[in-house]
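Everything quoted here is computed from the prediction, not taken from an experiment. Every chain is numbered from 1 and lettered A, B, ... according to where its sequence line falls, protein lines coming before strand lines.
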2 protein chains.
Amino acid sequence: MAERAGVSQSTVSRALAGSTAITVATRDRVLAAAKELDYMVDTRAARLRKGSTGTLAVVVICRPGEMASDINPFYFSLLGSVCAAASKQDIETIVSFQSKEEEFFGRYEDRGQADGLIVIGTTSNHAAWEHFRALSDDHATAFWGSPYEDLDWIRSDNYEGGILATRRLIDAGCRDIVHIGATGSPQLQFHERYEGFLAAMDEAGLEPHFVEIDGALDRDAQGRKAVSDLLDRKQPFDGIFAVCDSIALGALNELRNRNVDVPSQCSLIGFDGIMAGNHTRPPLSTIEPDFDVAGAMLVQTVLEKQDEANIKRRVPVRLLDRGSARSL
Amino acid sequence: MAERAGVSQSTVSRALAGSTAITVATRDRVLAAAKELDYMVDTRAARLRKGSTGTLAVVVICRPGEMASDINPFYFSLLGSVCAAASKQDIETIVSFQSKEEEFFGRYEDRGQADGLIVIGTTSNHAAWEHFRALSDDHATAFWGSPYEDLDWIRSDNYEGGILATRRLIDAGCRDIVHIGATGSPQLQFHERYEGFLAAMDEAGLEPHFVEIDGALDRDAQGRKAVSDLLDRKQPFDGIFAVCDSIALGALNELRNRNVDVPSQCSLIGFDGIMAGNHTRPPLSTIEPDFDVAGAMLVQTVLEKQDEANIKRRVPVRLLDRGSARSL
DNA sequence: CTGAAAGCGCTTACAG
DNA sequence: CTGAAAGCGCTTACAG
């Protein structure tokens, strides 16, 4: 390659790296030769010499025993956004799905495989979060979904989302509004949504109602059971704010099974903006985080470890009014 | 590291690599030292020396202009399976989502970043497939979704799936069965499903009916429009086999809008097994490929380029009877 | 502005 | 069974 362009190896390297200390003429000559020989820089060698890898590792935490193919679609969308955000900065992403204790691994930096680690996924896999928490001290990390306050985290603006959803229900004329969620759970995200709900109810002078989800069940079953419990209580309700879409989908189904029409008899709003909500009847109204921003924030957080104080951690959310909340 | 264990660098390398030409005693000593120093082999250097990377590149092709976060969930599941299958063989995966012509890139091998390339994603992005087709000559590749017969491909057993779905409809007592799909399209996968449909109808001595999808619309709208067209034709029908789930979901919605009850008045079966079908009313019956096998086959295909003849290319499918086809 | 040389951290013939 | 040495393909001080 060097001899084809009639220059030294160093010059080739500099020309290809776009160094300014190079004549335009020689650069062009090198570029032409590279094209002709279909030459590409070997990143292994470049990285070895440079020290950095130009790569981020992304770990997706699954529920124990869950296959990669049936992960909550929310995390798939998030994964896509992270990869896209990295790609925009010419950073590669190496991704892995991890669920079992034996396979937890995040030390990509130690092996020279990545410059940082992004961990996203279900809050429920505690063993996993504990494992990755330990890495956050001496590794560049960013987390989404961690149950621990102390980790570097990025989250939806859950509080604001809770308010948006609840206000929308109130605006729809609902007065007996129930929150299906986990009011005292370690799921920080859930807790924040709950607090937003409380604030909006308080603001409107309405009394908040709750159904606690049953941790033993899967999300869909949690939603069904919550509605079932609610109806059995014979307590009137005309609006539901479900803490996440998968639960909302279960709730919606149970409402229909029990002949409660949505939205005419009960308005329903979820949280997450998963695509499945587009295909229900009625389509599920929901709070959706800005995925592009989410991906960008995660990437930025890992890369700019220095000024920790300035890291923006709240991903803005918006109401997706798809039809499960009554219109006035 | 070497001096800590009191041996040479070569010995450390051999011990860590599990070479048999090493005393158990020295190996243990090295391992102990490694643990103590929290030492990990730098893969950049190892790869540079060894030549191979232990990594596969996975490119997910999106529709032009589509964001990574709203890709057909089928491909997300497939992506998960590929990563899981690679992981099982201790292979890393670097993944990227590509949609626009300017960003097409698959020469990871040339840059020493991967040993092979797996491309999956929407058939509809022709520019993308043409780009990657060109790479298949001198790169280790495997494709899912390519419109080209000549590429190394892995696909669902679409023909068998078409038969399974159609037979199920026939068993449900349907006689006027309509296939919503693309009978003469370049979408090989769709064409194969269509042929399965034809075969099963022929086997039962029934006359097949069709509605062609409108290429200009998105999947959901295609399904709606197909049902709408069908009803306008006033041609009686009691069963629908939709060529993919996203189309089936649109069809299901339109059927409900037009007050055709599923499954009592019309049975409906889709193809792909996407999770959104779990949340519709009724849940969507579908043909699901074995995702684990799909991931494993793709990985194996890239790695074992040598005996091309023996590559298994058909991923088995099964009927997921979720409720949109009448039970007898 | 360009070249000759050193060195990134490994693995692997080559000796012994 | 183990060590000394070469070399993987780059980048980057160091000279000029």
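The nearest heavy atom of DNA chain C to K50(B) and to L48(A) marks one nucleotide each, and the one closer to the 5' end goes with L48(A). The residue among T26(B) and R49(A) whose nearest nucleotide of DNA chain D is located toward the 5' end is T26(B).
When the side-chain nitrogen and oxygen atoms of Y39(B) are compared with OP1 and OP2 of dG9(C), none of them lie within a distance under 4.0 Å. When the side-chain nitrogen and oxygen atoms of T23(B) are compared with OP1 and OP2 of dT2(D), one or more of them lie within a distance under 4.0 Å.
Between F105(B) and F132(B), a ring centre-to-centre spacing not shorter than 6.0 Å is recorded.
Side-chain atoms of R47(A) and base atoms of dG9(D) include no donor and acceptor less than 3.5 Å apart. Applying the 3.5 Å distance criterion, the base of dG9(D) shares no donor-acceptor pair with the side chain of R44(B).
In this structure, R14(A) places its CZ atom 11 Å from P of dT11(D), rounding to the nearest Å. Rounded to whole angstrom, the span from the CD atom of Q113(B) across to the P atom of dC8(D) amounts to 21 Å. Computed from coordinates, the I22(B) CD1 to dT12(C) C1' distance equals 13 Å when rounded to whole Å. Atom-to-atom, CZ of R111(B) to C1' of dC10(D) comes out at 15 Å; the value is rounded to the nearest Å. Rounded to an integer number of Å, the gap from CG of L16(B) to P of dT12(C) is 13 Å.
Cation-pi geometry between R313(A) and W153(A) is met: the NZ or CZ atom falls under 6.0 Å from the ring centre, inside 45° of the normal.
In this pair, F74(B) and F291(B) present their aromatic rings tilted. The plane angle is within the 30 to 60° band.
The closest side-chain donor-acceptor pair between R47(B) and T55(B) falls under 3.5 angstrom.
Backbone-only contact: T11(B) has heavy atoms under 4.0 Å from sugar-phosphate atoms and none from a base. Residue contacts shown for S10(A) include a base, since a base heavy atom lies under 4.0 Å away.
By the 4.5 Å heavy-atom criterion applied to side chains, V60(B) and V119(B) are not counted as neighbours.
With both pairing distances under 3.5 Å, dG16(D) is matched to dC1(C) as a Watson-Crick or G-U wobble pair.
Taking the side chain of Q9(B) as heavy atoms from C-beta on, and the options dA13(C), dT11(C), dA13(D), the nearest nucleotide is dT11(C). Distance from the side chain of V41(B) is smallest for dT11(C) among the nucleotides dA13(C), dA13(D), dT11(C).
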